[in-house]
2 protein chains.
Amino acid sequence: MTLSNPLPRRASLHEQTYQTLRTSILSGELAPGDRLVETQLATQLEVSRTPIREALRQLQREGLVAVDTSGGLRVISVSVSDAVHLYDCRIALEQAAVREACLHASDRTLDDLQQSIAQSERAVQRAASTLNTFEMLNLDYQFHRKIAESTGNPWLTDLLDQVFDKMMLLRVQTTRHNPRVLDICREHRQICETIATRDAATAIAAIESHLNASKVRVVTALEALQPSSSTDV
Amino acid sequence: MTLSNPLPRRASLHEQTYQTLRTSILSGELAPGDRLVETQLATQLEVSRTPIREALRQLQREGLVAVDTSGGLRVISVSVSDAVHLYDCRIALEQAAVREACLHASDRTLDDLQQSIAQSERAVQRAASTLNTFEMLNLDYQFHRKIAESTGNPWLTDLLDQVFDKMMLLRVQTTRHNPRVLDICREHRQICETIATRDAATAIAAIESHLNASKVRVVTALEALQPSSSTDV
DNA sequence: GAAGCGTATACTGTATACAATAGACCCTCT
DNA sequence: AGAGGGTCTATTGTATACAGTATACGCTTC
């Protein structure tokens, strides 16, 4: 008799703490600019400071938190120019992603991609009034992430994850109304179809158009929030 | 009487430890596959385990070390397919970098870039027999990094830094002979000149050509080291 | 009221202790 | 000789203690 599955490993406290803090930041519960105080977090999460410190070091390296002038850590704040810069990075990486997806994605993967768009559409129609911003942004990024994954390039996926995290922060900072949900699903479907044709040039043009439109929308929203920033830019 | 400079802040042990470990990994002193044992590192660096753990968490998030099946940390090992994938990411990001550099780099910055190429050439000619691999790769990556910096996009620079680190690891793994040093400086000069013309399409073509040549060289070298990998790919 | 100083408290950086787990080594049995 | 079990040692995960630094608050002086 052989046992086919090893016993499940319980996630370490440090790992659980990391996930909790990361989700809290990306959902906006810990807001940009908030100071992260080890002793308070340790009390709230009912762990010692050790897993807090270790999780914060990882979040620091990810760029989601940064040291302030007094040595304390704060959630980063994403400015208009950050938004532009992040979109530039994103466009570069996602163009590479769709090009590689045209070359390497299996038919099975493309089917999965189509399925997940359909699921997103159904989820959005069923729950349009109850999905919060975090959840809807997650649907958006999950689509893009699946394309990256379909390239078989884990480094590309990891780099894009970092960009998506910061854009999540940005979008949480800006979104007081729902993104144009059905439009986005339609654009996703269009991108997926161009990938399925295996025509890299068309797919690249489609993703670029999609992201440039998104860039304009987000940057405009950010500038509307911060009139003084727009005059500085 | 006012004092114009604050007192210098000494780097924390955690920060010093991080830099030491990172340099040891990138120089090959801690080799790919080596296990990183907290207690031993703490003894060697004469600090407690705390700054070791914190530094290792950051290196883990950077992807330079990874957890093995038993929960211990090891320096990652970069395979042929990793090499290909990293070059794909690099090409995408560096094409964006040269395009933005054509748009945004100040004339002052371009002069600085030319100067640093000249310095590299002088350093290489003066010390061709004594510069080690790490130092020479550093000169190479410094050039590329300066282009990224000239875009004014800190996120792009950070993403590229991550890619460069892993390629440093890869190159340390493969380099038993000097890279073609003078050829690289000539290619760098050529890239810099195309950026100075502010012609993005030409600059993009130049960086792509440069990186594709490098990709072929490095992948070939890796495959030569690992004959079994080439049959698997 | 505002500014400056002193004190108390809170926070951060680091070392150390304890418990759980992994790995090495030795002994016994087949 | 090889396999299995037990014990010892080393390592990792986590909590706690201590020292240095930052911040808040209260009091005094102008």
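Labels below follow one simple rule: chain letters A, B, ... track the order of the sequence lines, proteins then strands, and each chain is numbered from 1.
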**Of A:Arg35 and A:Leu13, the one whose closest DNA chain D nucleotide lies more 5'** =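 The answer here is A:Leu13.
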**Asked** Say you draw a straight line from CG of B:Leu211 to CE of B:Met167; how long is it, rounded to the nearest 0.5 Å?
**Response**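 Those atoms lie 8.0 Å apart.
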**Prompt:** Say you draw a straight line from CG of A:Leu41 to CD of A:Glu38; how long is it, rounded to the nearest 0.5 Å?
**Reply:**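 So the gap between those two atoms works out to 8.5 Å.
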[X] [atom1] to [N] [atom2]: how many Å, rounded?
X       : N      : atom1 : atom2 : result
A:Glu15 : D:dT14 : CD    : P     : 10 Å
B:Glu38 : C:dA22 : CD    : P     : 15 Å
A:His14 : D:dG13 : NE2   : P     : 9 Å

**Request:** Could you list by number each residue of residues 40-67 of chain A showing a heavy-atom separation from DNA chain C of less than 4.0 Å, or answer none if no residue does?
**Result:**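 Contacts with DNA chain C under 4.0 Å: A:Gln40, A:Arg49, A:Arg53, A:Arg57.
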**Non-hydrogen atoms of A:Ser120 and A:Leu139 that approach each other most closely** =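 Closest pair (atom of A:Ser120, atom of A:Leu139, distance): OG-CD2, 4.0 Å.
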**Request:** List the atom of A:Val65, the atom of A:Leu56, and the distance in Å for their closest heavy-atom pair.
**Result:**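 Result for this residue pair: CG2-O, 4.0 Å.
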**Asked** Looking across every strand, which nucleic acid part, if any, lies under 4.0 Å from B:Arg10 by heavy atom: base, sugar-phosphate, or nothing?
**Response**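 Nothing, no nucleic acid heavy atom in range.
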**Message:** Regarding A:Leu36, tell me which of base, sugar-phosphate or nothing describes its non-hydrogen contacts under 4.0 Å with the strands shown.
**Reply:**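 Result for A:Leu36 = sugar-phosphate.
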**Item:** B:Arg22 and B:Asp165: CA distance, side-chain angles, deciding distance, salt bridge (charged side-chain N to carboxylate O under 4.0 Å, His left out) verdict
**Value:** CA-CA 9 Å; B:Arg22 182 173 172 276; B:Asp165 280 354; 2.8 Å; yes
**Message:** For a quick check under 3.5 Å, do A:Arg145 and A:Gln142 share a side-chain donor-acceptor pair by atom type?
**Reply:**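 A:Arg145 vs A:Gln142: no donor-acceptor pair found between side chains.
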**Message:** Would you say A:Thr39 places a side-chain N or O within less than 4.0 Å of OP1 or OP2 belonging to C:dC11?
**Reply:**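 Affirmative; the distance criterion is met.
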**Request:** Please determine if a side-chain N or O atom of B:Ser70 lies less than 4.0 Å away from the OP1 or OP2 oxygen of C:dT21.
**Result:**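 Checking B:Ser70 against C:dT21: no side-chain N or O falls below 4.0 Å of OP1 or OP2.
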